[in-house]
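Remember, it's a predicted structure, so these values are computed and weren't measured experimentally. Along the sequence shown, residues are numbered consecutively beginning with 1.
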Amino acid sequence: MKISRRNFLAVAGAAAAAAALTACGGSSASSASTASSAAASTASSAAEGGEKIVKVALTCDTGTIDDESFNQACWAAVSSYMGDDCQYYIPEADASDEDRETMIRQAVNDGADVIVCVGYLYGASLAWAADQYPDVKFIAIDVTQGDIGTDAIPANCYCITFKEEQAGYLAGYAIAKDGKTKLGFLGGMAVPAVIRYGYGFVQGADAAAAELGQNIEINYFYGGQFYGDANITSRMEGWYSNGTQVVFACGGGIYTSAVEAALKNNGYVIGVDVDQNYIGANGVADGTYAYNPFITSAMKGLSEAVNTALADIEAGSWGDIAASNGNFGLEDGDYVGLPTDADSWNFESFTTDEYEEVKGKIKSGEITVDNSSDDATKPTVSEFTTVNYIQ
């Protein structure tokens, strides 16, 4: 069954991801894990005129498969769609282009005819791989033609990107309208998608501050990695103890440091990529957390985009998307946004009606969010907003 790229909701598959991971073992740059047979019942069969996918490989971004974010959401889609007929590959933290090429080569040798590459770091490797394996279909998440470095997107490659700046804007606007005045942005690394999230967050918070006539302050920092550690936790503890009320933790597993520090200081966090509210809810349920620190999450439809691309292949529509870059935002549908389920809506006063109003203004073009991903070009803010960019 083909799912229209114009009509899916940007609701993250966190529960599906958790279910998929429960059935999986670990992996590294030199090993792989298959999905459980329990997921096989959800795998699609090829539509008439399409082509049956034999095996899908997911070559992950730096981090872990259970990062509660980017890798996990993509793996949830692949494993749910393909059942046993998929594997994932995790690069080492310091992986080179050659290392990624080796992972792709291993995936092909293991029988993959579709490879989902996660993260812009695969750009140069894709230029090589697309030429080396012309019969393999590549789905590249958060990868652009510029990342690949070729004159055009290769004929056997489909790039998927999102307008993270819109999701970041909505999160920043919502949290400032909710009355929070001391904010933080903790990015993993200064890569394009993270920068767009962060700069969107600053723009949204500033817009709300200007509407309210309320001064706000934002601490802004990149941890240089996509996982939490003692040093980052210590920095976050310093932020919270000095008055920061909420931190937008944007970068895979780095959220763990923000959450640990928040819980020690009665603070809060904003999740990223998927609806991370379930992490806080589970922590409360098992007694790990005294309260749920997640107010909301800035999401993009990772699972849905991967699932749709796989469905397009089997529906015979690969020719419609190959050699192109699908860049999805609110103008195209609900591809980015905040979770609106009651269980995930943890604002004190900001309402879903207010959210839908500002989201509608972005959709219509009344509000334009700057999509710069140049770390050196900071967003312009009003006199109500102070941003402390910390090196």
Side-chain angles (χ1 to χ4, degrees), residues 1-8 10 13 44 46-47 49-61 70-71 73-82 85-89 100-101 103-104 107-108 112-164 192-193 273 300-329 331-333 335-336:
M1 179 175 66
K2 183 179 177 182
I3 303 170
S4 170
R5 287 187 298 280
R6 295 278 175 185
N7 293 316
F8 67 72
S44 295
E51 54 187 293
K52 176 67 178 175
I53 298 172
V54 176
K55 188 172 187 177
V56 176
L58 181 76
T59 57
C60 295
D61 201 357
F70 203 78
N71 289 330
C74 292
W75 176 241
V78 169
S79 58
S80 174
Y81 194 98
M82 293 303 300
D85 300 322
C86 58
Q87 289 179 285
Y88 68 77
Y89 304 80
R100 289 181 173 81
E101 290 174 9
M103 290 169 57
I104 292 171
V108 174
D113 56 338
V114 175
I115 299 179
V116 181
C117 298
V118 180
Y120 85 104
L121 289 172
Y122 281 96
S125 303
L126 276 165
W128 167 86
D131 180 68
Q132 185 75 16
Y133 302 110
D135 295 330
V136 173
K137 296 176 176 64
F138 293 93
I139 300 170
I141 310 296
D142 275 3
V143 179
T144 66
Q145 178 186 333
D147 298 323
I148 298 172
T150 49
D151 292 336
I153 295 173
N156 56 337
C157 181
Y158 172 48
C159 295
I160 297 174
T161 54
F162 297 89
K163 297 178 181 177
E164 293 92 354
D273 288 338
K300 57 185 182 183
L302 291 161
S303 293
E304 294 86 347
V306 172
N307 185 82
T308 300
L310 296 175
D312 282 352
I313 292 172
E314 292 204 320
S317 299
W318 174 249
D320 296 337
I321 60 176
S324 71
N325 186 166
N327 184 33
F328 301 120
E331 301 90 337
D332 309 294
Y335 284 83
V336 296

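Side-chain contact between V116 and W75: absent, with no pair of heavy atoms (C-beta onward) separated by less than 4.5 Å. Taking 4.5 Å as the limit, every side-chain heavy atom of T144 sits out of range of all side-chain heavy atoms of C159. Put simply, the side chain of P154 reaches to within 4.5 Å of the side chain of T150, judged on heavy atoms. Looking at Y158 and S324, their side chains come closer than 4.5 Å, going by heavy atoms from C-beta outward. Under the 4.5 Å side-chain criterion, counting only non-hydrogen atoms from C-beta, I53 is in contact with M82.
Atoms OG1 and CD1, on T59 and I104 in that order, are 5.5 Å from each other to the nearest 0.5 Å. Here the SG-CG distance, from C157 to D131, works out to 12.5 Å after rounding to the nearest 0.5 Å. Atoms NZ and CD1, from K137 and I115 in turn, are 12.0 Å apart once rounded to the nearest 0.5 Å. Here C60 contributes atom SG and F70 contributes atom CZ; the two are 10.0 Å apart, rounded to the nearest 0.5 Å. Rounding to the nearest 0.5 Å places CD of Q145 at 12.5 Å from CG of L126. In this structure, the separation between NZ on K300 and CZ on F328 is 12.5 Å, given to the nearest 0.5 Å.
In this view, N327 and T161, K163, N325 satisfy the side-chain contact (heavy atoms from CB on, under 4.5 Å) rule, not counting sequence neighbours. Annotation: salt bridge (charged side-chain N to carboxylate O under 4.0 Å, His left out) contacts of D61 (sequence neighbours excluded): none.
No donor-acceptor pair closer than 3.5 Å links the side chain of Q87 to the backbone N or O of A107.
Using a 4.0 Å cut-off between a side-chain N of Lys or Arg and a carboxylate O of Asp or Glu, D113 and K52 do not qualify as a salt bridge.
Between Y122 and E101, the side chains place no donor N or O within less than 3.5 Å of an acceptor N or O (distance only, hydrogens not considered).
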